[in-house]
> 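Below you'll find the structure I mean.
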Amino acid sequence: MDRAALDFANLPFAYQNTDANIRFWYRNGAWSEGELTSETSISLHIAATCLHYGQEVFEGLKVFERPDGRLQTFRLFENARRIQRSAAKLLMQPFPEHLFREAVHRVVRANRRFVPPYGSGASLYVRPLLLGISAEVGVKPSHDYLFLIFVTPVGPYYKGGLTPVRLLVEEAIERATPGGVGDVKCGGNYAAGMRATIAAKEKGYAEVLYLDSREKKYLDESGSSNFYAIIGKRYVTPASPSILPSVTNLSVRQLAKDLDLAVEQRPVSVDELGSFTEAGCLGTAAVITPVEAITYRGKEFVYAKDGKAGPITTDLYRRLTAIQLGEAPDPYGWTEIIPEG
Ligand SMILES: Cc1ncc(COP(=O)(O)O)c(C=O)c1O
């Protein structure tokens, strides 16, 4: 295999064209067999429900090259199940789990030369997307659907990997509400939060931290990742009906238990900001990103000094990435080697 001529060690987190994407169509009550194509555009009806009524859900997962050169997925079935939940909530046709796995394997194999080499610090980001494509003008669900997956090689979401970032508690703008769709991965959630994120970036923060929309008292999550705090020997992460259940957070909760930390998933009040000893963001893209400081009502709470992540965050990061990269044994069966096909 000739690897693509890319500077893999310095990749940004950005779209990069590859050789192929894979598409499945749901028509007349059945999914098609899936076709690989190098075409990067799709042709949609101008009245498609994804365009007008937001029938659009997606996923994000990563594929890693192991030290032995084989490729592996990380907790793929969690993403397969999450997009089914997302689809069900938006009255969309769920895409079957076994086809999800097959689709990831096929599209990754077709783009083998774009998988960043082991040791580059980069990985192959896999982006599944489900769209309602029937023409409707009244508000109702589509009959027909397109499921597709594209892949793109990416570097760290926040520059510098384990480099601490600053967050701003957002009080005015709400991303999601209890009873809404904040717990599923649909495009509308990101549109709702974009103005908060961009404004925070302009002020020098990496992201915002949303509060629960009912009381504006409890920490929810960031625009693109879950949140945790370390309080002494406790790993504390918000329980909320309006946050996305993160696969990374699910995994790190287990790793925290392995480190003999007590794991608490519960409402986390802003009044506790002063008690955190460490804090971090969690996500497929963010991996574990240490939080240097959180600003709330003009007051800055500092958790990482001199640009260095705290010891527990560093340990969790090492354990997680060692499993993802195939450097350490995977006692939980989270990874799967992609057969060569
Ligand atoms: C809003 C939001 N929360 C949390 C996450 C983290 O989820 P995961 O760890 O499954 O990538 C993401 C990224 O997918 C996200 O977009």
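Remember, it's 1-based here, ligands and their atoms both numbered in the order they're listed.
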> Pick one of side chain, backbone, both or neither for how R175 approaches ligand 1, counting any non-hydrogen atom pair under 4.0 Å.
side chain

> Using a 3.5 Å distance criterion without hydrogens, assess whether the side chain of R127 forms a donor-acceptor pair with backbone atoms of E59.
yes

> Could you work out, for atom 13 (C) of ligand 1, the closest of K185, R75, E221 by heavy-atom distance?
K185

> Using a 4.0 Å cutoff against the non-hydrogen atoms of G223, which atoms of ligand 1 qualify?
1 (C)

> Using a strict cut-off of 4.0 Å, indicate which atoms of ligand 1 neighbour a heavy atom of G283.
6 (C), 9 (O), 11 (O)

> Answer with yes or no whether the side chains of T295 and Y205 bring together a donor and an acceptor at under 3.5 Å.
yes

> Any donor and acceptor pair, going by atom type alone, linking the side chain of S86 with main-chain N or O of K185 inside 3.5 Å?
yes

> Within this structure, what is the CG-CD distance for the pair L61 and E78, rounded to the nearest 0.5 Å?
11.5 Å

> Between the side chains of Q55 and S142, is a donor N or O closer than 3.5 angstrom to an acceptor N or O?
no

> May I ask whether G193 has any heavy atom positioned less than 4.0 angstrom from an atom of ligand 1?
no

> Mind checking whether E78 contacts ligand 1 via backbone (N, CA, C, O), side chain (CB onward), both or neither, at a 4.0 Å heavy-atom cut-off?
neither

> Are S251 and R75 close enough that a side-chain donor and a side-chain acceptor fall under 3.5 Å?
yes

> With ring-ring contact (aromatic ring centres under 6.0 Å, His included) as the test, would you mind laying out the steps for F13 and Y125 before giving the verdict?
CA-CA 9 Å; F13 191 90; Y125 186 71; 5.3 Å; yes

> Among all protein heavy atoms in this structure, tell me which lies nearest to atom 16 (O) of ligand 1, with the distance rounded to 0.1 Å.
Y190 OH, 2.5 Å

> Hydrogens and angles aside, do S224 and Y190 bring a side-chain donor and acceptor to less than 3.5 Å of each other?
no

> Distance to 0.1 Å, residue and atom name: give those for the protein heavy atom nearest to atom 12 (C) of ligand 1.
S224 O, 3.2 Å

> Would you mind running through ligand 1 and noting each atom that sits below 4.0 Å from a heavy atom of T248?
8 (P), 9 (O)

> Under 4.0 Å, heavy atoms only, figure out whether ligand 1 is touched by the backbone of S246, its side chain, both or neither.
both

> Could you tell me whether N189 approaches ligand 1 through its side chain, its backbone, both or neither, with non-hydrogen atoms closer than 4.0 Å?
neither

> Considering heavy atoms of the protein only, find what lies nearest to atom 11 (O) of ligand 1 and give residue, atom and distance to 0.1 Å.
T284 OG1, 2.6 Å

> Check ligand 1 against R82 and write out every atom of the ligand that is under 4.0 Å from a heavy-atom position of the residue.
7 (O), 8 (P), 10 (O)

> Testing the 3.5 Å rule here: is there a donor-acceptor pair between the side chains of Y296 and D271?
no

> Check each atom of ligand 1 against the heavy atoms of L282 and keep those under 4.0 Å away; list them by number with element.
6 (C)

> Could you tell me which atoms of ligand 1, counted from 1 in the order shown, lie closer than 4.0 angstrom to a heavy atom of N226?
3 (N), 4 (C)

> Looking only at distances, can you tell me whether any N or O atom of A285, backbone or side chain, sits closer than 3.5 Å to an N or O atom of ligand 1?
no

> Where do T335 and I323 come nearest, in terms of heavy atoms and distance?
CG2-O, 3.6 Å

